[in-house]
Amino acid sequence: MYIIFLGAPGAGKGTQAANVARELRLVHIATGDLFRQALEQGTELGLKAKSYMEKGVLGPDELTIGMVLERMSAPDCELGIVFDGFPRNLVQAEALDKALQEQDKAIDKVLYIKVSEEELLKRLSGRLICRQCQTPYHITNSPPRVWGKCDKCGGELYQRPDDTVESIRKRLEVYYAETAPLIDYYAQVGKLLEVDGGGSVDEVGRRIFVALQGSVYS
Ligand code: AMP
C-alpha cells in the first residue's frame with residue numbers, strides 16, 4: 001500500500017504518518033527528516049539542502065527525488081510506504097507516479113489534513129523536535145514528560161531553526177503556491193481523502209483510520 005500525507009507545515013502530517021506507518025507496518029519516508037538527518041551528519045546531501053531549509057523554500061527536485069527513489073529501492077519498502085512531505089510539487093508527484101508505475105504499483109490514497117492558518121501558526125511556533133528520533137512535541141498541546149527530553153528515546157528536544165515566525169510565513173507561502181495544487185491533482189484521479197486536522201492527535205488519528213477504512217478496505 002502506498003499512502004501520501006498532504007497538508008501545510010504544522011498540519012500534523014509527521015505524527016499521523018508515523019502512526020499510520022506503525023499500525024499498517026509500512027515504511028515511513030519523511031523527506032524533511034531525511035534532510036535534517038543528513039544535515040546533522042554533515043553529509044554532502046545535508047550541506048546541499050542546508051540553505052534551502054534555512055530559507056524555508058523547497059530543495060531542488062532532482063536532489064529530493066533522487067533521495068526518495070534511493071530510499072524506496074531498499075527491500076523494507078516492498079510492502080508499502082507512507083510518504084510524508086513528499087511530493088511537494090507537480091514535478092515530484094509525476095516522478096513518484098512514474099517510479100511506481102515502472103514497478104506496476106501506484107499510489108492508493110492521499111490523506112489531505114486540513115487545518116486553518118491561525119491553528120498552523122500556533123502549532124508551528126510552539127513545536128519542539130527530538131534531535132535523535134525526530135518525534136514532534138508542542139510546548140502546550142503535547143509537552144514531553146520531562147522538559148527538554150524525548151519521551152520515546154530520551155533525546156534532546158530543540159526548536160527547528162525554520163520554525164521562526166519569518167520562516168514559517170515563507171514556508172506557508174511556498175506551500176500554497178507549490179504544494180496545494182496537488183490537492184486537485186489527486187482529487188481528479190479519485191485518490192484524495194480530506195480529513196479535518198483540528199483537535200487532538202488522537203481525534204485526528206481516529207478520523208484518518210475511519211477515512212482509510214471507508215476507502216482502501218471497502
Ligand atoms: P519539513 O520537515 O517537511 O517541513 O521539511 C523541511 C524542509 O526540508 C523544507 O522547508 C524544505 O526546504 C525541505 N524539504 C522537505 N521535503 C521536501 C520536498 N519534498 N521537496 C523539496 N524540499 C523539501
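Every number for a ligand or one of its atoms is a count from 1 in the order of the listing.
- Residue contacts with ligand 1 for V57 involve N, CA, C or O but no side-chain atom from C-beta outward (heavy atoms, distance under 4.0 Å).
- Considering both main-chain and side-chain atoms, P87 never comes within under 3.5 Å of ligand 1 through any nitrogen or oxygen pair.
- Distance alone, capped at 3.5 Å, places no donor-acceptor pair between the R131 side chain and the Y158 backbone.
- Nearest protein heavy-atom contact of atom 20 (N) of ligand 1 is Q92 NE2, 2.9 Å.
- For atom 23 (C) of ligand 1, the closest heavy atom belonging to the protein is F35 CE1, 3.7 Å.
- A salt bridge between E203 and R206 is absent, with no side-chain N of the basic residue lying under 4.0 Å from a carboxylate O of the acidic one.
- Ion pairing between a basic and an acidic side chain is recognised when a charged N comes within 4.0 Å of a carboxylate O; K48 and E44 show such pairing.
- A salt bridge links K50 with E54: at least one charged nitrogen is closer than 4.0 Å to a carboxylate oxygen.
- In terms of protein heavy-atom proximity, atom 22 (N) of ligand 1 is closest to G59 N, 2.9 Å.
- Put simply, the side chain of R25 never gets that close to the backbone of R22: no donor and acceptor are under 3.5 Å apart.
- Looking at every heavy atom in both residues, T15 comes nearest to P136 through OG1-CG, 3.3 Å.
- Taking atom 5 (O) of ligand 1 as the reference point, the nearest protein heavy-atom neighbour is R88 NH2, 3.3 Å.
- The backbone and the side chain of L58 each have at least one atom closer than 4.0 Å to an atom of ligand 1 (non-hydrogen atoms only).
- Shown in contact with R171 at under 4.0 Å from a heavy atom are these atoms of ligand 1, numbered in order with element: 4 (O).
- For the pair K114 and D196, the salt-bridge criterion is not met [side-chain N within less than 4.0 Å of a carboxylate O].
- Contacts of R160 with ligand 1, taken as heavy-atom pairs under 4.0 Å, involve the side chain alone.
- For ligand 1, the atoms sitting less than 4.0 Å from at least one non-hydrogen atom of M53 are 7 (C), 8 (O), 12 (O), numbered in the order shown with element in parentheses.
- Each of L212, L6, I4 was checked for a side chain to side chain contact (heavy atoms under 4.5 Å, CB included) with L111, and the lone residue meeting it is L212.
- Protein heavy atom at the shortest distance from atom 16 (N) of ligand 1 is T31 OG1, 2.8 Å.
- Per-residue contacts place R36 under 4.0 angstrom from the following atoms of ligand 1 (heavy atoms of the residue considered): 2 (O), 6 (C).
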